[in-house]
Amino acid sequence: MLFNDWNNPTSAERNELVFVDRNLSYGAYQLRTRYNKRIFLAFVFTTAVFLMIILGLWLPSLLSGSEDEGLGQITIDQQEINMEQKKEDPLPPPPEPPKQQLIAQVMFVPPVIKNNATEDTTRIIDQEEVKDENVAQQNVQGQEDFIDPNANQTVVEEKKEPEVFVYVSEMPEFPGGTAALYKYISSNINYPETAKEAGITGKCFLKFVVGADGKVGKVEINRGVPGCPECDREATRVVKTLPGFKAGKNNGQAVPVWFQLPINFTLK
C-alpha cells in the first residue's frame with residue numbers, strides 16, 4: 001500500500017483523476033491521500049515502542065554486568081574438613097516402670113448352706129378341686145357416695161374453620177353486579193386528607209371472604225397504595241360495610257370464597 005502505483009488506491013495520480021471536479025474535502029479523498037502518512041507514522045511509533053521495551057529489559061543487566069567487572073575475582077580458601085565422626089556414647093537404659101501393687105481379689109465366693117431353712121407350705125389349688133364349689137355367691141353392695149372424677153368433665157371438640165375457596169363453579173355476586181359494587185364504594189369512600197394534601201394517588205389491591213351466608217368476612221391487603229397507609233385503612237373500612245352478596249357455590253353447595261377487589265384512589 002505504500003507504493004505509489006496506479007493500482008494502489010492511495011496513488012496521488014489516481015486520486016487526482018478520480019476526484020476531478022469533486023469536493024476534495026470529501027471523506028474518501030482525505031482518507032486516501034493521508035493513508036500512507038498514517039501508515040508511516042504508525043510504523044515509526046511501533047518501532048520506537050519496541051526499542052524502548054527492549055532497552056528497558058536489557059539495561060538493568062548491562063548495568064549490573066559492568067558493576068561485577070569492577071569488583072574483581074574473589075578466591076575462597078577451602079580448608080579440609082575432618083569427616084571422622086566421634087563414637088557415640090551408649091544410650092542409658094530406659095527407666096524401669098513402677099511396680100504395681102497387687103491387690104488380692106476373690107474370684108468366687110462359695111455358697112453358705114444354713115441348717116435353719118423352713119419348708120415351703122404354699123399349696124397350689126387344682127382347678128378340679130373347686131369346679132363343683134359355688135364361689136362368690138354373696139352379693140356385695142358398693143359405695144353409694146362414690147363420685148366418678150370423670151363424670152363432670154366435658155369433651156371440648158376443636159372447631160375447624162371451613163375451607164375458603166379461591167375459585168368455585170359459581171363465584172359470589174354483589175346485588176346489581178360489578179357496576180353496583182363500584183358505585184357503592186365510590187359513594188361511601190372518603191379520600192384521606194393527608195393523601196389529598198400530599199397529592200398521593202394509587203391502587204389498593206385487597207381481598208375479602210364472602211361467607212356461605214353471603215356476608216363479608218376477613219379482609220386482607222395484598223398490595224396497598226405506596227406511601228399511604230391511611231388509604232389502605234379507608235379501603236378496608238368501606239369493604240367491611242358492604243351489604244350481603246349472593247354466596248358462591250361449589251357443586252351446588254354454598255361455600256366461603258375469597259373475593260379480589262382493586263380500589264383506585266385518584267384526584268380530580
Can you find a side-chain donor-acceptor pair between Glu170 and Asn250 that sits under 3.5 Å?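 Side-chain D/A pair, Glu170 to Asn250: absent.
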Asp213: what forms a side-chain contact (heavy atoms from CB on, under 4.5 Å) with it, not counting sequence neighbours?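 Only Lys215 meet the side-chain contact (heavy atoms from CB on, under 4.5 Å) criterion with Asp213.
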State which residues pass side-chain contact (heavy atoms from CB on, under 4.5 Å) with Ala254; sequence neighbours excluded, sorted by chain then number.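 Expected list: Ala212, Ala247.
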To check you understand the geometry: which heavy-atom pair defines the closest contact between [X] and [Y], and what is its length?
{"X": "Gly252", "Y": "Lys249", "value": "O-CD, 4.1 Å"}
{"X": "Ile221", "Y": "Leu206", "value": "CD1-CB, 3.8 Å"}
{"X": "Leu242", "Y": "Phe174", "value": "CD2-CE1, 4.2 Å"}
{"X": "Ile200", "Y": "Cys228", "value": "CG2-CB, 3.8 Å"}
{"X": "Thr266", "Y": "Tyr191", "value": "O-CE1, 3.3 Å"}
{"X": "Asn251", "Y": "Ser169", "value": "N-OG, 3.7 Å"}

Do Lys240 and Val216 pass the side chain to side chain contact (heavy atoms under 4.5 Å, CB included) test, and can you show the C-alpha distance, the side-chain angles, and the key distance before you say yes or no? CA-CA 6 Å; Lys240 289 183 178 180; Val216 174; 5.5 Å; no
Check the hydrophobic clustering (I, L, V, M, F, W, Y; side-chain heavy atoms under 4.5 Å; chains of links allowed) and say if [X] and [Y] are grouped together.
{"X": "Met52", "Y": "Phe50", "value": "no"}
{"X": "Ile54", "Y": "Val49", "value": "yes"}
{"X": "Val225", "Y": "Val239", "value": "yes"}
{"X": "Leu55", "Y": "Phe45", "value": "no"}
{"X": "Tyr167", "Y": "Phe208", "value": "no"}

Working to the nearest 0.5 angstrom, can you tell me the gap between [X] [atom1] and [Y] [atom2]?
{"X": "Glu173", "Y": "Leu181", "atom1": "CD", "atom2": "CG", "result": "10.5 Å"}
{"X": "Cys231", "Y": "Asn264", "atom1": "SG", "atom2": "CG", "result": "10.5 Å"}
{"X": "Trp258", "Y": "Phe165", "atom1": "CH2", "atom2": "CZ", "result": "14.0 Å"}

Cluster partners of Phe43, using ILVMFWY side-chain heavy atoms under 4.5 angstrom, listed by chain and number?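 Other cluster members: none.
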Cluster partners of Phe205, using ILVMFWY side-chain heavy atoms under 4.5 angstrom, listed by chain and number?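 Taking Ile, Leu, Val, Met, Phe, Trp and Tyr as members, Phe205 stands alone, with no cluster partners.
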Do [X] and [Y] have side chains that get closer than 4.5 Å, going by heavy atoms?
{"X": "Ile263", "Y": "Phe265", "value": "yes"}
{"X": "Asn190", "Y": "Glu234", "value": "yes"}
{"X": "Tyr182", "Y": "Leu261", "value": "yes"}
{"X": "Val209", "Y": "Glu220", "value": "no"}

Would you say the rings of Phe259 and Phe245 are close, in the sense that their centroids are separated by under 6.0 Å?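 Yes, ring centres under 6.0 Å apart.
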Test side chain to side chain contact (heavy atoms under 4.5 Å, CB included) applied to Pro192 and Glu197, Arg233, Glu230, the passing residue: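 For Pro192, the side chain to side chain contact (heavy atoms under 4.5 Å, CB included) test succeeds with only one of Glu197, Arg233, Glu230, which is Glu230.
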For the CZ atom on Arg237, are there more than 12 heavy atoms of other groups (residues, nucleotides or ligands in this structure) within a distance under 6.0 Å?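 It does: Arg237 CZ has more than 12 such atoms within range.
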Could you check whether atom NZ of Lys207 has more than 12 heavy atoms from other residues, nucleotides or ligands sitting under 6.0 Å from it?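 Enclosed: over 12 neighbouring heavy atoms sit under 6.0 Å from NZ of Lys207.
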According to disulfide (SG to SG under 2.5 Å), who are the partners of Cys204, at least two apart in sequence or on a separate chain?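 With neighbours one apart ignored, the set is empty.
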With sequence neighbours excluded, what pairs up with Thr241 under the side-chain hydrogen bond (donor to acceptor under 3.5 Å, both in side chains) test?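 Counting only residues at least two positions away or on another chain, Thr241 forms a side-chain hydrogen bond (donor to acceptor under 3.5 Å, both in side chains) with Tyr184.
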